Amino acid sequence: MLDIKRIRNNPDEAKEKLATRAIKPEQIDDVIALDEQRRDLLKQTEQLKAKRNTVSDAISVAKRNHEDADKQIAEMREVGADIKALDTKLAEVLDEFNDKMARLPNFPHDTDPVGPDENYSREDRKVGAIPHFDFEPKAHWDIGEDLGILDFKRAAKVSGARFVYYMGMGAKLERAVYNFMLDQHEEEGYEEVIPPYMVNSASMYGTGQFPKFKEDVFQIQDQDLTLIPTAEVPLTNYYRDEVLDEAQLPVYVTALSPSFRSEAGSAGRDTRGLIRMHQFNKVEMVKYVKPEESYKELEKMTGNAENILQKLGLPYHVITLATGDMSFTAAETHDLEVWIPHQETYREISSCSNCEDFQARRAQIRYRDADGKVHLVHTLNGSGLAVGRTVAAILENYQNEDGSVTIPDVLVPYMHGVTKITKENAHAKHVED
RNA sequence: GGAGAGUUGGCAGAGUGGUAAUGCAACGGACUCGAAAUCCGUCGAACCCGUUUAUAGCGGGCGCGCAGGUUCAAAUCCUGUACUCUCCUCCA
């Protein structure tokens, strides 16, 4: 949620900034007009309420002295009716105002590249050498199915498209990857959390998924529960409607969780493999910080995600998203894209965003400074990393000509010493009693 | 799933129709070399509107889980709802 006072005082600034995010100037004029209506009605009803309060006092005194108050009561009956009418109108205006405000995206940061889509994003750096293969590299779904560690067919039978079973060493690799990530982030100062995987609408609203992106999620029928599309939602709403002490900041938390996404509107894209699933694991990082530190913290968080890729030896590049390509709540976003050999391209594997006070205003997450004054915190979130896509990247970048996959060194301890996944070791052996 | 109880300021806790007691904590001051204790004073944080250069001050609104309703007037009465706790049932 943007600050209406800032929009009211600088409408041109708001129009200019949001124009880069596909918001028409009329939408700004709309909210300003509604805001004016709202304040006008508020003034009227508050004047009447002030009158009601003073006259009610008089009535109360009169009654106590057993004097007649019928005249005032009759007068107040009318005032009461007027208040009710005004309040009804005010509620309507307020609803519309809130709805329109809730659909305006965050202001982009001044340094963000301006442009309508990903073609305008800025590449900040490339890290790691792109691997060269003496053979035709296979797609990760072929590697996985040939080794028998990924089973898309049976997942389709049991659940549907965009689901997968990880089998044997595949499951173990997934587990190794996220355990490694959690351990790394813990070393970097993040507290590990296991959050709820279903949240209520207020939480979805707080982090900005609702009201605009309801079609992107899975909701439980007849209950106010939504399967989380990212752990960002439960992690950021943890302090919803709270005032923190300045001394508590910054707060760093991390969580492994499944993420559930309906992928409405993605029909036909990435139909094979682990890239785009209805359910995938992700290790998420969230920070609550003081406003003046949020951009420094964003760089640190991006570094935390990069650290994972570097230790895994996966080539990637970092881009700063163009204004038109950023998510709704972000003021600035760095995407990490990992090299996928079979597609000969970089694919998103992490997205680290500074939401500034946009989520904090919606979710009312604040802190009290040394002078006792209350301010909104800044919130950041980043994937560190999407686990399924990391497994896909490992399978492809570490594949061998014989169909086996070498395990990156840092994961070997997490694989209990296994250095390579082969057809021979991919599955459980029968154990004689 | 069944039955009951509860939700009031940072915390504890009164208040069953006339507009939020009290205690603790906190803050300011006095005393003190300083602190503690004591005494005096302030105090529902936050939010909204108006006035304003102002995040100062002042005025008003709001404010008793949330949303409605009844009433001249609601913490108090009514309806719905969320959450917490206890017991029963069930359950990994």
Side-chain angles (χ1 to χ4, degrees), chain A residues 1-10 31-99 101-102 194 196-206 210 219-220 222-226 234 237-248 288 290-292 356-357 359-378:
Chain A
M1 184 84 81
L2 294 169
D3 182 3
I4 183 59
K5 284 181 195 156
R6 183 167 166 188
I7 295 177
R8 191 195 295 157
N9 294 334
N10 308 289
V31 297
I32 291 174
L34 286 165
D35 176 49
E36 255 170 59
Q37 272 189 61
R38 173 190 139 250
R39 284 185 297 147
D40 183 52
L41 289 166
L42 198 58
K43 204 195 291 182
Q44 293 179 45
T45 185
E46 284 189 359
Q47 274 169 6
L48 290 179
K49 281 174 184 170
K51 185 175 180 188
R52 180 177 69 185
N53 287 342
T54 49
V55 176
S56 284
D57 261 343
I59 291 172
S60 163
V61 170
K63 290 257 182 187
R64 208 173 302 137
N65 298 334
H66 305 291
E67 291 163 10
D68 176 56
D70 289 351
K71 231 181 94 188
Q72 281 121 311
I73 289 175
E75 188 193 352
M76 281 307 100
R77 192 170 289 152
E78 273 177 45
V79 170
D82 291 347
I83 288 173
K84 189 175 266 184
L86 281 168
D87 277 351
T88 303
K89 180 87 178 107
L90 179 61
E92 284 168 22
V93 171
L94 203 53
D95 276 353
E96 197 182 346
F97 170 73
N98 285 334
D99 186 65
M101 282 297 287
I194 300 178
Y197 300 153
M198 291 190 245
V199 298
N200 58 30
S201 305
S203 297
M204 292 295 283
Y205 180 87
F210 284 0
Q219 289 188 272
I220 306 300
D222 301 325
Q223 279 195 283
D224 183 25
L225 287 172
T226 300
N237 278 283
Y238 183 74
Y239 285 124
R240 173 154 55 84
D241 296 322
E242 293 192 34
V243 180
L244 308 178
D245 281 331
E246 185 174 16
Q248 285 178 264
Y288 303 80
K290 286 192 266 184
E292 61 270 25
E356 299 190 0
D357 63 13
Q359 290 179 326
R361 186 172 294 106
R362 286 179 161 235
Q364 287 297 294
I365 308 167
R366 294 166 293 175
Y367 73 97
R368 193 182 307 278
D369 69 18
D371 297 328
K373 283 189 187 154
V374 174
H375 311 273
L376 294 168
V377 302
H378 279 194

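Everything numeric in this text was worked out from a predicted model, so none of it was measured. Convention: sequence-line order gives letters A, B, ...; per-chain numbering from 1.
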Atom-to-atom span, [atom1] of [X] to [atom2] of [N] - whole angstrom:
{"X": "A/L225", "N": "B/A82", "atom1": "CG", "atom2": "P", "value": "11 Å"}
{"X": "A/D245", "N": "B/A46", "atom1": "CG", "atom2": "P", "value": "14 Å"}
{"X": "A/N9", "N": "B/U55", "atom1": "CG", "atom2": "C1'", "value": "14 Å"}
{"X": "A/E242", "N": "B/A45", "atom1": "CD", "atom2": "C1'", "value": "14 Å"}
{"X": "A/K373", "N": "B/A26", "atom1": "NZ", "atom2": "P", "value": "22 Å"}
{"X": "A/I365", "N": "B/A46", "atom1": "CD1", "atom2": "P", "value": "18 Å"}
{"X": "A/D40", "N": "B/G61", "atom1": "CG", "atom2": "P", "value": "18 Å"}
{"X": "A/R368", "N": "B/U55", "atom1": "CZ", "atom2": "P", "value": "18 Å"}

Could you tell me how far [M] sits from [N] if I compare only their [atom1] atoms? Round to whole Å.
{"N": "B/C27", "M": "B/G15", "atom1": "C1'", "result": "27 Å"}
{"N": "B/C11", "M": "B/G68", "atom1": "C1'", "result": "31 Å"}
{"N": "B/G29", "M": "B/G23", "atom1": "P", "result": "22 Å"}
{"N": "B/A36", "M": "B/C47", "atom1": "C1'", "result": "39 Å"}
{"N": "B/U22", "M": "B/G4", "atom1": "P", "result": "37 Å"}
{"N": "B/U8", "M": "B/A75", "atom1": "C1'", "result": "7 Å"}
{"N": "B/U52", "M": "B/G60", "atom1": "C1'", "result": "16 Å"}
{"N": "B/C72", "M": "B/U86", "atom1": "P", "result": "44 Å"}

In chain order, what residues pass the side chain to side chain donor-acceptor pair (under 3.5 Å) check against A/K43, with sequence neighbours excluded?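 Per chain and number, A/K43 pairs via side chain to side chain donor-acceptor pair (under 3.5 Å) with no residue.
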Listed partners of A/E96 passing side chain to side chain donor-acceptor pair (under 3.5 Å), at least two apart: A/K100
Quick check against the 3.5 Å criterion: does A/R362 have a side-chain atom that pairs as donor or acceptor with the backbone of A/A102? yes
Measure from the side-chain N and O atoms of A/Q248 to the backbone N and O of A/D245, and report whether any donor-acceptor pair falls under 3.5 Å.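 Yes; at least one donor-acceptor contact below 3.5 Å.
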Lys/Arg-Asp/Glu bridge criterion (N-O < 4.0 Å) met for A/R52, A/E46: no
Polar atoms only, N or O, under 3.5 Å: list the protein pairs with nucleotides 7-9 of chain B and their distances.
none

Is the closest side-chain donor-acceptor distance between A/N200 and A/S203 under 3.5 Å?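 Looking only at side-chain atoms, A/S203 and A/N200 do form a donor-acceptor pair, the distance falling under 3.5 Å.
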By a strict heavy-atom criterion of less than 4.0 Å, which residues belonging to residues 74-94 of chain A are in contact with RNA chain B?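 Those residues are A/M76, A/R77, A/K84.
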Test side chain to side chain contact (heavy atoms under 4.5 Å, CB included) applied to [X] - qualifying residues, sequence neighbours left out:
{"X": "A/R6", "answer": "A/D3, A/N10, A/E13, A/K17, A/F107"}
{"X": "A/E246", "answer": "A/K290, A/Y367, A/D369, A/A370"}
{"X": "A/I59", "answer": "A/V55, A/K63, A/A69, A/Q72, A/I73, A/M76"}
{"X": "A/M101", "answer": "A/M1, A/L2, A/I4, A/I7, A/V31, A/F97, A/L104"}

At under 4.0 Å between heavy atoms, how does the protein contact nucleotides 47-52 of chain B? Give one character per nucleotide, 5' to 3', with B, S or -. SBSS--
Where does RNA chain B form stems of at least three consecutive Watson-Crick or G-U wobble pairs, each pair having both distances below 3.5 Å? B:1-7 with B:82-88, B:10-12 with B:22-24, B:26-30 with B:38-42, B:47-51 with B:57-61, B:65-69 with B:77-81
Looking across every strand, which nucleic acid part, if any, lies under 4.0 Å from A/K49 by heavy atom: base, sugar-phosphate, or nothing?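 Touches sugar-phosphate only.
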Around A/Y238, counting heavy atoms of other residues, nucleotides and ligands shown, do more than 12 lie under 6.0 Å from its OH?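 No, not enclosed.
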Does atom CD1 of A/I220 have more than 12 heavy-atom neighbours, drawn from other residues, nucleotides or ligands, at distances under 6.0 Å? yes
Which pairs pass side-chain hydrogen bond (donor to acceptor under 3.5 Å, both in side chains) with one or both residues in residues 81-90 of chain A, sequence neighbours excluded?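 The answer is A/T45-A/D87, A/K49-A/D87.
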Hey, are the side chains of A/Y239 and A/Q364 touching, using non-hydrogen atoms and a 4.5 Å cut-off?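 A side-chain contact is absent here, since even the closest heavy-atom pair is not under 4.5 Å.
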Residue whose closest nucleotide on RNA chain B lies nearer the 5' end, A/V243 versus A/Q72: A/V243
With sequence neighbours excluded, give me every salt bridge (charged side-chain N to carboxylate O under 4.0 Å, His left out) pair touching residues 31-42 of chain A.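 Found A/R8-A/D35, A/D35-A/R38, A/D35-A/R39.
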Under 4.0 Å between a side-chain N/O of A/N53 and OP1 or OP2 of B/C62, yes or no? yes
